[in-house]
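One structure is given below, encoded as structure tokens.
Below, read A as the first sequence line, B as the second, and so on, with proteins coming before strands; counting in each chain starts at 1.
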Amino acid sequence: MDCKEFREVLDLYADGELSPDAASAARLHLAECAPCRAAERELLRLRGALKLAVSRHEPPPQLVSAVRDISRPWWRRLMCDAGARDEPRDARPFWRKRIALPAPVFALLLVALVGFGLLSARLRTAQPPRPAVRSEPAPPTPATSPPRDASSFDFARFDQGGRASLYKERR
Amino acid sequence: MGRGRAGRFERAALPHLADVYRFARQLSDEQRAQDLVQETFLRAWKYFDSYEDGSNCRAWLYRILRNVWNDRGRRQPRLEIPLPEREESGVEPYYDWEGEFLRDELSPEIERALAQVPEQYRWALLLADVEELSYQEIARVMDCPIGTVMSRVNRGRRTLARLLRRPVAGARGEVGEAPDVYNLGS
């Protein structure tokens, strides 16, 4: 291989793309040719300088977290966000740790809680306790039966008589 | 299944985030580079099932980046002068590489020169010299024959070398951007 041939394959040689035979011929030529060695050295220097120049840039943190979030489900994202806000990580036990909630989620929880409280309070006032015997068919009563009084009422029909005995005592 | 896919993605693709960003940064400004990278990883996640385990994930990501870049280029035409046909073939031998054209170049100076290298050459140059992909992989990324890759790598290096040598050829005061370039070192 002479200088002209070597210069034509210098890129391939530097990039490791030459066949083994051609690469060994190039190495033989390099061993005996100082100008071609200088040309190869320059090419390698150019490569090194290029690598150095490109490596100056670091991806910004917001890009890193945005790309990381791509493959994360939403609940993991929430957990990671909360964790990131706690940094530096502390060694507090879990019952002493702060929980970070996004404002909309917090508002939603608050509305749900208040709504549930109001609803349950309203239901409690609107529906007075009804006797449990309502579901059972009432026994046929004779038309001439005397009007009921407290003594003739079958208190045992109320939840096995427990609450009924209380009523009885009060009377 | 979902967790496994996400785990595989995190292990295979995410470690290359910095490399992809640095590459994108040589194609455009910081904001656009971020957009390019985000879109690249979004598509990578979407089509991750087509990635073969054990193959070069970085090359696969660069291929996606190339597609994103091409799509963006269609929407926002870049001011890129098309290369003449003759430039796309043939290798230019390094007959005049003996002189030490590469002085103690500073990285900003090299980046500035690189930004002037035509886009197709820049892609080939970065993929070969910075990412150290094989010509076969570069051909797949750039969707062109290996002969074209060879030519683009060769011409990219030649063009960059010429651009770096330019300040030396003329007097310092006469060269357009040379004075502030030299001031960077002092």
Answer yes or no: does atom CZ of Arg66(B) have more than 12 heavy-atom neighbours from other residues, nucleotides or ligands under 6.0 Å?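 Counting other residues, nucleotides and ligands, CZ of Arg66(B) exceeds 12 neighbours.
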Got a sec: does the CD of Gln62(A) have more than 12 other heavy atoms crowding it under 6.0 Å?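 Atom CD in Gln62(A) is packed in, count exceeds 12.
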When clusters are formed by joining ILVMFWY residues with side-chain heavy atoms under 4.5 Å apart, either directly or through shared neighbours, do Ile146(B) and Val141(B) land in the same one?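 Yes.
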Give me the atom names and distance for the closest heavy-atom approach of [X] to [Y].
X         : Y         : value
Tyr21(B)  : Leu63(A)  : CD1-CD2, 3.6 Å
Val64(A)  : Leu17(B)  : CA-CD2, 3.8 Å
Ile70(A)  : Leu42(B)  : CD1-N, 3.7 Å
His57(A)  : Arg22(B)  : O-NE, 2.7 Å
Met150(B) : Leu12(A)  : CG-CD2, 3.5 Å
Glu17(A)  : Ser134(B) : OE2-CA, 3.5 Å

Dump the intermediate steps for side-chain contact (heavy atoms from CB on, under 4.5 Å) on Trp45(B) and Val67(A), then the final yes or no. CA-CA 10 Å; Trp45(B) 170 243; Val67(A) 170; over 6 Å; no
Would Arg68(A) and Glu10(B) count as a side-chain contact (heavy atoms from CB on, under 4.5 Å) here? Give the steps. CA-CA 8 Å; Arg68(A) 281 188 186 285; Glu10(B) 282 179 17; 5.8 Å; no
Enter the distance from Leu50(A):CG to Arg157(B):CZ here, rounded to the nearest 0.5 Å.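 If we round to the nearest 0.5 Å, Leu50(A):CG and Arg157(B):CZ are 9.5 Å apart.
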Within this structure, what is the CG-CZ distance for the pair Asp11(A) and Arg152(B), rounded to the nearest 0.5 Å?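 Answer for the CG-CZ pair, Asp11(A) versus Arg152(B), is 15.0 Å.
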Determine, step by step, whether Leu46(A) and Leu164(B) satisfy the side-chain contact (heavy atoms from CB on, under 4.5 Å) criterion, reporting the C-alpha distance in whole Å, the side-chain angles of both residues, the deciding distance to 0.1 Å, and the verdict. CA-CA 10 Å; Leu46(A) 178 69; Leu164(B) 288 171; 3.8 Å; yes
Given that the side chain runs from C-beta out, which part of Tyr135(B) has a heavy atom under 4.5 Å from chain A: side chain, backbone, both or neither?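 Backbone plus side chain of Tyr135(B), per the 4.5 Å heavy-atom cut-off to chain A.
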Contact part of Gln26(B) toward chain A, heavy-atom cut-off under 4.5 Å: side chain, backbone, both or neither?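 Side chain only.
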Using a 4.5 Å cut-off on heavy atoms from C-beta on, say whether the side chain of Asp15(A) contacts that of Asp129(B).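 Asp129(B) reaches Asp15(A) side chain to side chain.
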Heavy-atom check, side chain of Arg25(B) versus side chain of Pro59(A), under 4.5 Å: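 No. Closest side-chain heavy atoms not under 4.5 Å.
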Determine whether Val54(A) and Ile110(B) satisfy the following criterion, side-chain contact (heavy atoms from CB on, under 4.5 Å), listing intermediate values before the conclusion. CA-CA 9 Å; Val54(A) 171; Ile110(B) 289 173; over 6 Å; no
Test salt bridge (charged side-chain N to carboxylate O under 4.0 Å, His left out) applied to Lys51(A) and Glu132(B), step by step: CA-CA 10 Å; Lys51(A) 270 187 184 175; Glu132(B) 296 187 349; 2.4 Å; yes
For Arg37(A), which atoms come within 4.5 Å of any heavy atom of chain B: side chain, backbone, both, or neither?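 When you check distances to chain B, no heavy atom of Arg37(A) falls under 4.5 Å.
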